[in-house]
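Notes for the one structure printed next.
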Number of protein chains: 2
Amino acid sequence: MNVTIKDVAKRANVAPSTVSRVIADSPRISKETKERVWKAMEELGYYPNAIARSLASKVTNTLGLIMPRSTEEAFSNPFFPEVMRGISVVAHREKYDLLLSTSGNKEEEKEAVIRMVKGKRVDGIILLSSRTTDELIPWLRDEKFPFVVIGKPLDARGVYWVDNDNIGASKLATNYLIKHGHREIAFISGSLEYVVSLDRLDGYKLALEENGLTFKRELVEQEEFSEDGGYRAMMKILERAKPTGVVVTDDVMAFGVIRAAIDKGFRVPEDISIVGFNNIPLSAFANPPLTTIDISTFELGIKSAELLIARLKQKEIESDHIIVPVKLIERKSCVSR
Amino acid sequence: MNVTIKDVAKRANVAPSTVSRVIADSPRISKETKERVWKAMEELGYYPNAIARSLASKVTNTLGLIMPRSTEEAFSNPFFPEVMRGISVVAHREKYDLLLSTSGNKEEEKEAVIRMVKGKRVDGIILLSSRTTDELIPWLRDEKFPFVVIGKPLDARGVYWVDNDNIGASKLATNYLIKHGHREIAFISGSLEYVVSLDRLDGYKLALEENGLTFKRELVEQEEFSEDGGYRAMMKILERAKPTGVVVTDDVMAFGVIRAAIDKGFRVPEDISIVGFNNIPLSAFANPPLTTIDISTFELGIKSAELLIARLKQKEIESDHIIVPVKLIERKSCVSR
DNA sequence: CACCTATATGAAACCGATTGCATCCGTATT
DNA sequence: AATACGGATGCAATCGGTTTCATATAGGTG
């Protein structure tokens with residue numbers, strides 16, 4: 001079998017508890033004993049069993065990551081890897097590992113969370129995005145389990161979250177088109193099941209209102225978060241209206257929107273201007289290069305991990321949420337009219 | 001405290017061992033008892049503690065994922081998320097979770113593996129790419145720990161691996177340029193520390209040889225796997241030679257190569273043709289759209305996870321390695337001469 | 001009717017750590 | 001000299017399961 005704490009104890013002529021204390025570098029153990037134990041560990045090639053340690057101490061040094069939708073789908077939108085990149089930088093710095101749940105749909109997602117929480121496999125959880133109908137958030141809150149949500153939840157009472165100012169960001173995008181002389185501005189978002197979609201719709205409406213433009217239902221469409229989703233949404237809008245500008249809340253969708261516009265015989269940006277969201281790497285290389293709202297995706301990951309870990313370490317936390325700034329990246333997908 | 005197996009046992013008037021057997025759905029327990037126990041579990045809201053279970057059974061139902069280089073860097077090349085997408089599909093299907101190590105450099109990477117293996121946190125490991133100097137592979141082999149490598153290792157004895165035929169793929173790319181009349185063909189790869197770079201260099205040499213072209217050292221350059229790396233490599237080559245075609249073993253690097261060519265006053269593809277590798281999503285949208293070797297990244301993930309799990313389940317395995325096919329995607333970054 | 005054999009369940013050891021409490025010893029205090 | 005005290009370490013319970021082996025009961029056999 002493997003080398004255990006008992007073998008080390010025997011070799012160093014001490015009790016297992018002493019070895020345990022040496023591992024934790026407890027000040028209660030004398031320098032000499034520590035050295036004897038270290039030597040024994042070295043000689044035997046001892047390495048602590050993390051599982052046993054977790055069982056006894058109830059700490060795993062692991063963070064759980066819950067992807068929305070299927071894990072497969074999540075990895076195909078560059079937003080998620082980028083968020084994970086941020087999370088992993090902090091996790092590494094703070095010596096945490098990351099446990100990825102692999103789920104296929106909403107039920108399995110719930111199950112994955114239960115597996116992590118009730119199975120005591122993680123110390124805390126990061127939800128990579130929040131739905132309006134999310135049962136997870138109330139459930140985690142009731143369980144009093146530490147978690148952080150990326151994306152402001154509908155009901156934010158007692159939950160820690162990290163997000164952009166989505167209403168503001170959407171106003172920014174819409175105002176940009178308005179300032180460039182557009183008056184018929186369409187708005188395409190992902191499913192209204194996601195809070196982020198709702199907020200951005202609100203921002204769009206506010207911008208119109210503040211500029212004395214009327215909101216027209218036929219200029220608004222929701223679809224799946226994908227290139228095809230964007231394509232379908234734009235097709236539907238073009239069949240019933242004639243926008244000169246479009247705000248699309250996801251760059252991947254925006255590519256579909258451009259494709260639809262071209263298929264319908266419009267030129268981008270000459271006939272239709274487009275503003276996207278997220279500033280994914282592809283956006284700079286698209287044809288035309290996409291004007292988009294950079295939401296600091298990497299930073300969202302960083303901040304969410306920091307917030308969660310601060311909570312786990314019972315550090316003083318200034319606020320239960322963090323707003324990450326956005327900025328507009330001007331490229332070539334918009335023209336003045 | 002939490003509900004444990006003992007609470008359930010008490011409530012159902014059985015011994016803890018019986019409850020354990022009910023959880024495992026052992027045929028040794030009578031239908032009636034099972035039902036009584038299930039009811040008790042239901043009523044108490046019992047959920048098994050995965051950590052305790054792992055400790056006793058020595059099974060974690062978790063696969064460890066080891067990224068090369070820093071975790072942060074890995075997430076910024078679309079290759080890795082795509083591989084992970086494949087892995088996560090299989091992991092989910094087979095009911096495994098994924099543990100991500102977060103490391104910053106080679107030493108930490110080794111440490112992360114030790115933490116996983118010696119800490120008994122995972123049942124098996126997938127190495128997302130192999131270095132020539134990799135100490136990990138011999139170490140894991142000596143430990144007799146189940147693992148699979150994406151990318152054929154230099155010394156493949158006793159190692160399970162999944163890869164493309166990199167020599168063939170590189171010949172394919174080089175031959176494509178040769179067939180289009182190119183004779184001065186440059187070759188840019190990532191560090192020769194990676195086996196994949198070596199193999200592709202070999203494929204390039206072979207293609208030259210088979211077509212009676214001479215290999216010229218000044219047409220070959222290695223650099224870091226990044227857009228900047230590609231830029232620097234191409235700059236160095238253009239200062240000493242005049243290629244009409246370039247094989248670049250990574251699309252992200254290829255973007256840098258294009259940028260360098262343009263900065264030096266060349267047009268792509270009119271003056272210099274370029275073939276990339278990986279077919280990342282961006283490639284189709286680049287300017288010009290990139291002709292590239294599609295290496296079925298997703299499939300690499302799928303196969304590696306399947307191979308590992310088959311090994312864990314002691315299934316019959318036909319071969320200790322799997323070759324995933326490649327194909328050339330023709331776009332607009334090459335012209336005939 | 002004594003003996004054997006399944007079948008169903010329980011008792012207890014074990015997995016490899018952590019931790020509260022007890023103990024031992026040497027030195028300072030009164 | 002008796003008491004107190006603090007430092008260093010050990011004992012044993014505990015975390016929440018799994019698994020081996022033993023036992024009890026019922027039914028079958030000669």
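The sequence lines fix the lettering, A, B, ..., with proteins before strands; numbering per chain opens at 1.
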### Query
C:dC15 P sits how many Å from A:Tyr47 OH, rounded?
21 Å
#### Entry: Listed partners of A:Lys34 passing side-chain hydrogen bond (donor to acceptor under 3.5 Å, both in side chains), at least two apart
A:Asp25
#### Entry: Separation of C:dG16 C1' from A:Asn49 CG (nearest whole Å)
6 Å
### Task
Would you indicate whether the side-chain heavy atoms of B:Lys152 and B:Val159 approach each other to under 4.5 Å?
no
### Message
Between A:Thr4 and A:Arg21, which residue's closest nucleotide on DNA chain C lies nearer the 5′ terminus?
### Response
A:Thr4
### Ion pair check, A:Arg115 and A:Glu111, cut-off under 4.0 Å
yes
### Side chain A:Arg28 and base D:dG6 donor-acceptor under 3.5 Å
no
### Task
For D:dA8, take OP1 and OP2 only and decide whether either is under 4.0 Å from a side-chain N or O of A:Thr18.
no
### Query
Can you find a side chain N or O atom of B:Arg53 that sits less than 4.0 Å from OP1 or OP2 on D:dT18?
yes
### Message
By the 4.0 Å heavy-atom rule, please label B:Val14 as base, sugar-phosphate, or nothing.
### Response
sugar-phosphate
### Task
Send over the distance from A:Lys58 NZ to C:dG16 C1', rounded to a whole Å.
15 Å
### Side-chain donor-acceptor contact under 3.5 Å, B:Asp97 with B:Thr62
no
### Task
Give one of base, sugar-phosphate or nothing for B:Asp7, where a contact means two heavy atoms less than 4.0 Å apart.
nothing
## Note on the structure
From CZ of B:Arg121 across to P of C:dA17 the rounded distance in Å is 14 Å
### Query
Do any side-chain nitrogens or oxygens of A:Tyr46 fall under 4.0 Å of OP1 or OP2 in C:dA17?
yes
### Task
Send over the distance from B:Asn61 CG to D:dG17 C1', rounded to a whole Å.
15 Å
### Query
Within the pair B:Ser30 and C:dT9, is there a side-chain N or O less than 4.0 Å away from OP1 or OP2?
yes
### Contacts of B:Arg21 that satisfy side-chain hydrogen bond (donor to acceptor under 3.5 Å, both in side chains) - sequence neighbours left out
none
### Message
Rounded to whole Å, please give me the gap between CG in B:Leu55 and C1' in C:dC14.
### Response
9 Å
### Query
In whole angstrom, what separates A:Asn13's CG from D:dT9's P?
12 Å
### Task
Return the value, rounded to whole Å, for the distance between atom CD1 of A:Ile51 and atom C1' of C:dT18.
15 Å
